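Report on the structure given below.
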Amino acid sequence: MLEIRIHGRGGQGNVVAAYLLAAAAFEVKRYGQAFPNFGAERRGAPVVAFVRIDDQPIRRRNQVRSPAFLIIQDEALLHVPGVLDGLKDGGGILVNSHHSSTQLSEQMNHDIIALPATHLAQKILGRPVPNTALLAGFLALTELLPQQALSQALTHRFKGAVLERNLQLIEEAAQQVPARQWNHLHTEEHHHAASA
Amino acid sequence: MLQALEGSQAIARAVALCRPAVVSAYPITPQTHIVENISKLVADGQFDCEFVSVESEFSAASVALGAAMAGSRAYTASASQGILLMAEVLYNIAGMRVPLVMTCANRAVSAPLSIWNDQQDSMAVRDAGWIQLYCADNQEAVDTTIQAYRISERTELPVMVCMDGFTLTHTLEGIDVPEQEQVDSFLPAYHFKRALDPRNPTSVGTLVSPDHYSEARHSHHQALLKAMDDIIAADQDWGAICGRSYGGLLKTIGDPDADIAILSLGSVLGTLEAALSEMPPERSVKLIQLRSFRPFPAEALRQVCADLSHIIVLERAIAPGSGGIVGLEVLAALSSLDKPPRVHNCAAGLGGRDIPMEILPQLLALADEDRPADFQVIDVVLDRLPEEDR
């Protein structure tokens, strides 16, 4: 089972991101589970959502405490206490940022990949909603699920111009991260090594 | 085919498949998405019903009662303070023996204010005379909603389908949404033989003198006890159609010959089940999911507990000044066994506190004590309290 935690701010589509990622798993006959950790439900407040992906039905419903990956929709959250807590050794952090991945990785002492998702969303959607671009980047980095699964999940949730632009956005976002760089991080060997 | 759906969205679709003619609701977290999704289905022309937005939960329950009494299949949903505001009407609905189905998106009760999950709300109305069924996952909540209409219409008793707020309502997972034809074959067109009819006026729920009240209450109690057969039958019959059933009144998971059992209600069973396979305990353990809390399945419980040494009852609510709610009923039911197991009673996950898998060894440690300790909130952090409150 692979566990992912998504951090963002109210209004950035944090829950939708989690739902889309889990929904994409079903497109390739895998199982997904996604749920938010609601706090104060207001725009701008830090919010967290959890995703699990597995090859069999997922029974547990506890919060994800030691994710293999973090997706962070607002760079400033990198510095908020608790956000990086529990990340598995060698786990990856995908951050919505226009800074360089190398710079952020050195600064935070973690394996960080930066993707200017808000910028891309503003350019293609006309709105600063970074969630779908980050998901596309995440799938390109990890190949956890094919990009096609994300497109299909989007097709079930959106329609018309919003869908078209999001499909365009994820295609472009997927090319802005080093493909397959985190491919090895979710293989069985990694899990065994991490839990040993 | 599995569809990725949020729990609330799946429930809205299940309700629509049951074709209630009237839905009446007032939004409250974490129930809101259920009625929001129902109103979308109605607005999109996918669900033909009279959707009545009201100004309070008292009215939501009253409209549903009126609709049901007039002979319509009806539905409502609420949670927490909403359930409490409905309380008077809930007793009336049950006392008039009106078929009705509602969803309780289980949430803690104020004060202090909490929007998060526990089961204090439905437990607060456990004696209102409704059937109460608690669901472990969203697929079960979908299937139980459909079963609930069958049970309700056969027993002429209202059914509250309880699903954990957020933990289920706001979780997206894979749901097999039944086909309309399957539901139609299971739920025939509704006909309520005591429906109010202006051509043949009757009064219901009116003043009953002491000469008759005890008989009304006794027969209501008997009707609930008899409903156990209908709950089992609905689960089996629906299982024959869709291939999924849930054990009727209760479900056991794990080694049937285990010496120790953990009993609980709702979605925590999934986490406990995962914990059992991730961190298998040295002693053999089984889980008991109490699906029907009202009626309380005392005999079915005795059957699965007869050979146990210990049973640990994990509550998702608390009776302040007493302790456990479910635990006391389990204790009473098992007392007539020749060798009743020790009953250990605790609560966890109140007001949305996360229940991690590590709770499993903590629960099992309760059974190390030969003499059960007093009821405890097992995940309380006493250091946070002043000395005198610990």
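In this text the structure is predicted, and so the values were computed from the model without any measurement. Only this structure's heavy atoms are used, side chains among them; waters, hydrogens and symmetry mates stay out. In what follows, chains carry the letters A, B, and so on, assigned in the order in which the sequence lines appear, proteins first and then strands, with residues in each chain numbered from 1.
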Within-4.5 Å side-chain heavy-atom neighbours: B:Asp137 and A:Arg61: yes

Let me confirm one number: the CD-CD distance from A:Gln33 to B:Glu173, rounded to the nearest 0.5 Å. 6.0 Å

Between B:Ile355 and A:Asn62 the two heavy atoms that sit nearest each other are O-CB, 3.3 Å

Can you tell me which portion of B:Leu5 sits under 4.5 Å from chain A's heavy atoms? Options are side chain, backbone, both or neither. neither

A:Tyr31 and B:Leu2, any side-chain heavy atoms less than 4.5 Å apart: yes

If one checks every heavy atom of A:Arg52 against chain B at 4.5 Å, the contacting part turns out to be neither

Heavy-atom pairs under 4.5 Å with chain A: which of B:Thr171, B:Thr271, B:Asp354 has the most? B:Asp354

Closest heavy-atom pair and its distance - B:Gly174, A:Phe26: N-CZ, 3.1 Å

Heavy atoms of other groups near A:Asn109 CG, more than 12 under 6.0 Å: no

Report yes if some heavy atom in the side chain of B:Gln9 is under 4.5 Å from a heavy atom in the side chain of A:Tyr19; otherwise report no. no

Salt-bridge criterion met for A:Arg60 and B:Glu278 (N-O under 4.0 Å): yes

Has A:Arg180 got more than 12 heavy atoms of other residues, nucleotides or ligands less than 6.0 Å from its CZ? no

Atom pair CZ/CG of A:Phe35 and B:Leu172 - distance to nearest 0.5 Å: 11.5 Å

Are there over 12 heavy-atom neighbours, none belonging to B:Glu358, within less than 6.0 Å of that residue's CD? yes

